[in-house]
Amino acid sequence: MPESPYEMLPVDDALEIVLAHAEPLPAETISIHDALGMILAEDAVASTPLPPFPASVKDGYAVVAADGPGVYPVIGQITAGQMADFRVESGSVAYITTGAPLPDGADAVIQVEDTEPLSADDGQARVRILSRAAPGQDVRPVGMDVAAGTRVLSAGDLLGPAEIGLLATTGIVNAQVFRRPRVAILSTGDELREPGEKLAPGQIWDSNRATLGAAVRQAGGVSIDLGISGDTQAALEANVHRVLAEADILLTSGGVSMGELDLIKPLLEEAGTVHFGRMRMKPGKPLTFATVPVQEKGCERTRLVFGLPGNPVSSLVTFYLMGVPALRRLAGHFNPRLQRVQAHLAQPLRLDPERPEYHRAALHWDSDLNDGRGGYLAVSTGSQASSRLLSMRTANALLELPQAEGELAVGAVVWALVIG
Ligand code: AMP
Ligand code: MG
């Protein structure tokens with residue numbers, strides 16, 4: 001068998017190369033309601049304090065703290081959203097609800113639980129105040145939650161529910177964020193048919209497009225479906241050039257190993273620069289990474305192309321290892337790498353003497369591990385054949401098994417890359 005001309009790169013070196021070619025995409029302005037999971041491209045500063053007025057923390061009575069316990073006339077009421085049109089003088093109180101502005105003159109709130117309403121025989125409402133308040137009790141002063149001028153978020157922050165709420169509470173409705181990467185996905189192979197179509201002998205349903213499309217969206221990208229391309233140079237070439245005009249990343253699957261119909265590598269050599277064509281790992285050794293320069297609005301930009309192996313597990317694992325960090329970097333993530341945790345093996349695992357292996361496993365928290373301090377237990381998904389997509393089912397981690405003879409025993413501790 002002819003030897004591949006491509007050097008087999010360690011996975012870490014391959015990832016460095018990929019990240020060195022990945023830059024955050026230009027920022028765009030979008031509604032905060034569409035910004036979940038995106039990365040903020042500018043600081044967000046509060047222009048007004050929160051609360052903007054001294055606000056009651058309780059339902060109760062606005063009082064002059066120095067007055068102390070006793071019976072007082074209730075001279076009015078203030079509910080949230082209204083300003084009092086009266087002053088609370090010493091010797092009087094006003095009914096107030098949570099979030100309402102404290103009226104002038106008052107300097108504390110007595111919660112309703114510490115009061116007793118009295119009957120208003122003469123038409124004047126009165127209340128018995130039972131406790132003594134310190135000045136400022138149960139009042140949020142102006143700017144207590146957010147002082148004016150506070151930087152509530154920084155460029156580079158990931159927008160989750162709380163961060164989107166902080167933008168809203170600061171009055172920001174449109175935010176500058178890094179654009180979501182557009183990722184085009186093409187399956188290659190004469191044997192592939194659309195799922196559900198009638199299969200002729202020798203044909204199979206294309207599962208990689210469905211899998212990769214979902215993985216792209218899960219990682220925060222926008223997936224573009226390019227369908228299936230046959231194994232001919234012309235069909236592939238037309239597809240690749242068409243898509244690079246509009247997609248930031250192109251994922252192809254299939255056609256990168258050493259067979260005669262493996263046309264992706266030569267095509268990418270032609271269109272741009274192939275940075276590597278093999279990785280020292282399994283599953284997914286023939287992963288190919290290339291960059292292709294394109295003109296976009298008068299600027300030269302670099303498109304990233306991942307020629308993923310065709311086997312369903314290989315394509316998904318290599319997408320997690322290389323594609324997800326690249327996508328995250330384009331999307332503006334400060335740390336684009338997958339999270340790594342330590343895990344204890346639930347069963348012995350045989351090692352591969354030739355290549356490190358990314359063994360699919362389900363991590364569960366087990367409170368008995370580490371002498372009762374707890375830790376992750378890694379349960380293998382079973383047979384690790386690279387064609388067996390069932391080995392990814394329920395997997396939330398890829399165990400980094402070293403290249404070595406023999407096996408790791410039950411309880412051995414390994415690094416695990418979190419994928420779900
Ligand atoms: P290749 O990398 O093209 O040599 O394909 C390796 C194996 O993966 C072959 O058994 C293919 O039939 C299978 N394969 C390739 N592409 C897909 C796909 N999109 N969906 C499911 N299986 C595929
Ligand atoms: Mg093929």
Side-chain angles (χ1 to χ4, degrees), residues 1-6 8-9 14 183-218 221 223-240 243 247 249-270 274 276-290 305-323 355 357-358 360 381 383-393 395:
M1 204 175 95
E3 182 56 15
S4 164
Y6 292 94
M8 199 156 27
L9 281 189
V183 185
I185 303 166
L186 175 71
S187 287
T188 75
D190 288 335
E191 77 280 27
L192 302 177
R193 288 293 171 269
E194 289 294 343
E197 268 181 28
K198 203 166 160 43
L199 295 179
Q203 298 180 336
I204 58 169
W205 287 314
D206 173 4
S207 62
N208 288 352
R209 264 162 58 234
T211 309
L212 293 168
V216 162
R217 292 190 295 278
Q218 191 171 51
S223 62
I224 304 170
D225 184 7
L226 299 183
I228 299 169
S229 172
D231 284 314
T232 66
Q233 189 78 33
L236 276 173
E237 226 166 60
N239 269 309
V240 167
V243 69
I249 297 178
L250 168 61
L251 304 177
T252 66
S253 73
V256 285
S257 42
M258 286 293 289
E260 267 173 32
L261 291 181
D262 291 335
L263 302 166
I264 292 288
K265 281 184 170 85
L267 179 76
L268 294 176
E269 294 279 11
E270 182 75 20
V274 173
F276 57 87
R278 286 198 301 167
M279 291 199 300
R280 180 172 297 284
M281 53 92 65
K282 81 179 199 189
K285 179 174 71 173
L287 174 76
T288 300
F289 171 64
V305 184
F306 294 90
L308 307 174
N311 264 313
V313 176
S314 308
S315 61
L316 185 54
V317 167
T318 52
F319 175 69
Y320 278 125
L321 292 179
M322 300 288 141
R355 285 176 282 159
E357 180 177 2
Y358 290 83
R360 282 76 75 198
T381 54
S383 163
Q384 300 284 298
S386 62
S387 52
R388 184 174 171 266
L389 196 50
L390 276 169
S391 75
M392 295 290 297
R393 175 174 174 250

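Every number for a ligand or one of its atoms is a count from 1 in the order of the listing.
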Heteroatom distance test (Gly255, ligand 1): nitrogen or oxygen, under 3.5 angstrom: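 Gly255 vs ligand 1: N/O contact under 3.5 Å present.
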Nitrogen or oxygen atoms of Pro309 and ligand 1 under 3.5 Å apart: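 No, no N or O pair falls under 3.5 Å.
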Against heavy atoms of [X], which atoms of ligand 1 measure under 4.0 Å?
X      : answer
Asp206 : 18 (C), 19 (N), 20 (N)
Ser187 : 19 (N)
Ser257 : 4 (O)
Asn311 : 6 (C), 7 (C), 8 (O)

Donor-acceptor under 3.5 Å ([X] side chain, [Y] main chain):
X      : Y      : value
Arg360 : Gln384 : yes
Asp206 : Asn208 : yes
Lys265 : Pro286 : yes
Arg209 : Ser187 : no

[atom] - nearest protein heavy atom and its distance:
atom                    : value
atom 11 (C) of ligand 1 : Glu191 OE2, 3.1 Å
atom 5 (O) of ligand 1  : Gly310 CA, 3.7 Å
atom 18 (C) of ligand 1 : Asn208 ND2, 3.3 Å
atom 20 (N) of ligand 1 : Ser207 N, 3.0 Å

Part of Ile204 within contact of ligand 1 (heavy atoms, under 4.0 Å):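 Side chain only.
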Part of Arg209 within contact of ligand 1 (heavy atoms, under 4.0 Å):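 It is neither; nothing of Arg209 touches ligand 1.
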Any Leu287 side-chain heavy atom under 4.5 Å of Leu308 side chain: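 SC-SC contact between Leu287 and Leu308 confirmed.
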Close side-chain approach of Val183 to Arg217, heavy-atom, < 4.5 Å: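 They are not in contact (no side-chain heavy atoms under 4.5 Å apart), so the answer is no.
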Straight-line distance of Met281 CE to Ser314 OG, nearest 0.5 Å: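 Between Met281 CE and Ser314 OG, I get 8.0 Å after rounding to 0.5 Å.
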Residue Gln203 excluded, over 12 heavy atoms near CD under 6.0 Å: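 Counting neighbours around CD of Gln203, more than 12 heavy atoms of other residues, nucleotides or ligands fall under 6.0 Å, so yes.
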